[in-house]
2 protein chains.
Amino acid sequence: MKRHQVTIVDIAKKLNLSKSTVSRVLTGHPSVSDKTRQAVLELAEQLDYQRNMLSISLLNRKSNTIGIIVPEFISSYFPQVIMGAQEVAAEAGYNTIICHSNETYETEVANTKLMLANQVDGVLVSLTKETRNFDHLKIFERKGIPIVFFNRVCEDMDVPKVMVDDYEGAFRAVEHLVKRKKKRIAHLAGPDSLPISVKRLKGYKAALKKYNIPIDEELIIPYDLSIGKVKIYVNHLLRLANPPDAIFCINDPTAIEALQIVKKKGLDVPKDIAIVGFSNDFASDLIDPPLTTVSQPVREIGSTAAQLLIDQINRDVSEWKSIIKVLKTELIVRKSS
Amino acid sequence: MKRHQVTIVDIAKKLNLSKSTVSRVLTGHPSVSDKTRQAVLELAEQLDYQRNMLSISLLNRKSNTIGIIVPEFISSYFPQVIMGAQEVAAEAGYNTIICHSNETYETEVANTKLMLANQVDGVLVSLTKETRNFDHLKIFERKGIPIVFFNRVCEDMDVPKVMVDDYEGAFRAVEHLVKRKKKRIAHLAGPDSLPISVKRLKGYKAALKKYNIPIDEELIIPYDLSIGKVKIYVNHLLRLANPPDAIFCINDPTAIEALQIVKKKGLDVPKDIAIVGFSNDFASDLIDPPLTTVSQPVREIGSTAAQLLIDQINRDVSEWKSIIKVLKTELIVRKSS
DNA sequence: CTGTTAGCGCATTCAC
DNA sequence: GTGAATGCGCTAACAG
């Protein structure tokens, strides 16, 4: 249904003014007499007049809207990042369009098109675990629309990125396990496609190396982050001839699932087997025992990403920078280790 | 920075065609020769042409965008509802703008203006706990923009609503506690401003009445849902001369906090004190002991709300209906009771 | 089958 | 201080 709308013309007619005068009032232009200004503002108020941002965006070739594409919406991670980003964006006068890709490449591509069609001034992107081709994202660059990655970044593209020090976070987590006298530390790793998985794996290996613990490939299990598979891998680990006495998990949802499986087997956490996660999800402090994890400054990730994006929007294309911000993580030791 | 854009005119010029012909191809109009169609499509593909939805929206006086306003983004509740809504909306060709009001009336009003300015075709709203004045929402009706409430509905407005049977859910929860031989069942209630609080309270009282348990106003504590206050109220309850042996909490975050406080006091859950929540948050199954709670069909709430909204959008204003859908809850008994 | 014209709502020239 | 004219990108109505 097409709907009727109060426009500048309506106001102009009722007041016997020209559209341009009304427009001047509404845009805060100084050269209008107080009487007309008053009259216009009153009538606008009375008629619930709202400027049509669509037409303004069209006219300015600028929508004052940024897009955010995240892979999922299940964990508390991305909603928090989004909140941080929205705060900064709103402050700078930008609206936000949020899409989640459902961890699917196709959906990500579709979301990308949607953003483009809706004339976003810039996009914040965190990739799906499936994304290996980046053509749909390079279009933004070609069109002069800035893009900033966070968390799941694209290493192929030379644009601003916000990440945390995954290597160091993983290193500290594993080091902590070593200091707890754990000798056989397993790693439930993420898919190789994600740089965060790769970096955390490196941190894991580096920590073992530092303390002269042999790296046993049998204890390193990469998986695709799909819920449900955790059980298979944990069971596999427990059935090894020489089973692990600790598991460092790629993220908290994984760790939480692992912890519950281990408990159900009657094993003691952390005595028989310690468990450490990554990201400090809301839930990690609620389970029993509470999960040791590497916390990320989630909100700050969102806000710095948004800030980088807005800076980029305000720069001319020729002066785009590709700043990479690496934020600090913090090891939070709880009872699970 | 204003940015350049590939337009229909660009394509038309390069191909020595009129804009309208190009437009016809892009809109799938049949009356174009195969040769021109082919040529246009090829060039469009090659130039990464994307239709500018802003101009189309302006032209049609229809943005194919719906707005969703939720009070918060912390619990897993609203993200899930949003996912349900987005699914249906996307299916029907609608984009989504999501805003959270941070449980603040002022932000809600601001979000409302933003939706209006961005010409949404309809809005899905769940109110903040502060909202008592509904003028900002009634504007939508006056402008012919349909609005549908879910969860935190506005009883003043005669529009479609999606809720769950809070009364029955609460009734069953309390009845369950009675059957567990609990005699002094407290209720950590929500603010009176929210109909859901009122209904859950009624369900609570009705259940007690049915089983001839006297209603003790001392055991009913309404609070404003702010995290941190739970501690005060739980401690207060525990210090009563005749303390409760069960607490029915307005929602899961509250129940989880209550449970942790009670445990820290050295009390046994559920033997000394049973705890029941509402909504079946992700976290409720992870804590120890797992929380008994009333589950809501969260995703379905979102999808039905979106469906009602789209139906409304497709109807003429004169034929708007105010359907109220009440979805079923389900009591999920776990170890906390 | 194709081209021409008008106009969605607005801000910004340029006149006076 | 105010009005008239132009155009953002696009589609639809009207011609041929």
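Letters A, B, ... are given to chains in the order of the sequence lines, protein chains preceding strands, and every chain is numbered from 1. Just the heavy atoms: all of them, side chains too, but no hydrogens, waters or symmetry mates, feed the values below.
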Roughly how many Å is it from [atom1] in [X] to [atom2] in [N], rounded to a whole number?
X: A:Asn52; N: D:dC10; atom1: CG; atom2: C1'; answer: 15 Å
X: B:Gln50; N: D:dC10; atom1: CD; atom2: C1'; answer: 15 Å
X: B:Leu58; N: D:dC8; atom1: CG; atom2: P; answer: 14 Å
X: A:Lys62; N: C:dC10; atom1: NZ; atom2: C1'; answer: 17 Å
X: B:Lys13; N: C:dG3; atom1: NZ; atom2: P; answer: 15 Å
X: B:Asn64; N: D:dC10; atom1: CG; atom2: P; answer: 16 Å
X: A:Leu54; N: D:dG7; atom1: CG; atom2: P; answer: 22 Å

Taking atom types as modelled, find out whether [X] and [Y] have a side-chain donor-acceptor pair closer than 3.5 angstrom.
X: A:Asn64; Y: A:Lys62; answer: yes
X: A:Asn102; Y: A:Thr107; answer: no
X: A:Glu108; Y: A:Thr131; answer: yes

Nearest heavy atom decides the nucleotide; on that basis, is B:Leu17 or B:Ser55 closer to the 5' end of DNA chain C?
B:Leu17

Other residues, nucleotides, ligands: >12 heavy atoms within 6.0 Å of B:Asp48 CG:
yes

For B:Lys325, is the NZ atom crowded, meaning more than 12 foreign heavy atoms sit under 6.0 Å from it?
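Atom NZ in B:Lys325 is not crowded, with 12 or fewer foreign heavy atoms closer than 6.0 Å.
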
Does anything in residues 30-45 of chain B come within less than 4.0 Å of DNA chain C? Heavy atoms only, and list the residues if so.
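Correct list: B:Ser31, B:Val32, B:Ser33, B:Thr36.
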
Could you state the interatomic distance from CZ (A:Arg51) to CG (B:Leu116), rounded to the nearest 0.5 Å?
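Answer for the CZ-CG pair, A:Arg51 versus B:Leu116, is 13.5 Å.
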
Ring centres under 6.0 angstrom apart (A:His136, A:Tyr105):
yes

Can we say A:Glu42 and A:Arg37 salt-bridge, meaning some charged N sits less than 4.0 Å from an Asp/Glu carboxylate O?
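Looking at A:Arg37 together with A:Glu42, the answer is no, because their closest N to O distance does not fall below 4.0 Å.
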
Any side-chain N or O of B:Ser18 below 4.0 angstrom from OP1/OP2 of C:dT4?
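For C:dT4, OP1/OP2 do not have a side-chain N/O of B:Ser18 under 4.0 Å.
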
Scoring nucleotides 11-16 of chain C by protein non-hydrogen atoms under 4.0 Å (B base, S sugar-phosphate only, - none) yields BBB---

For A:Met157 and A:Ile147, which heavy atoms make the closest approach, and how far apart are they?
CE-CG2, 4.1 Å

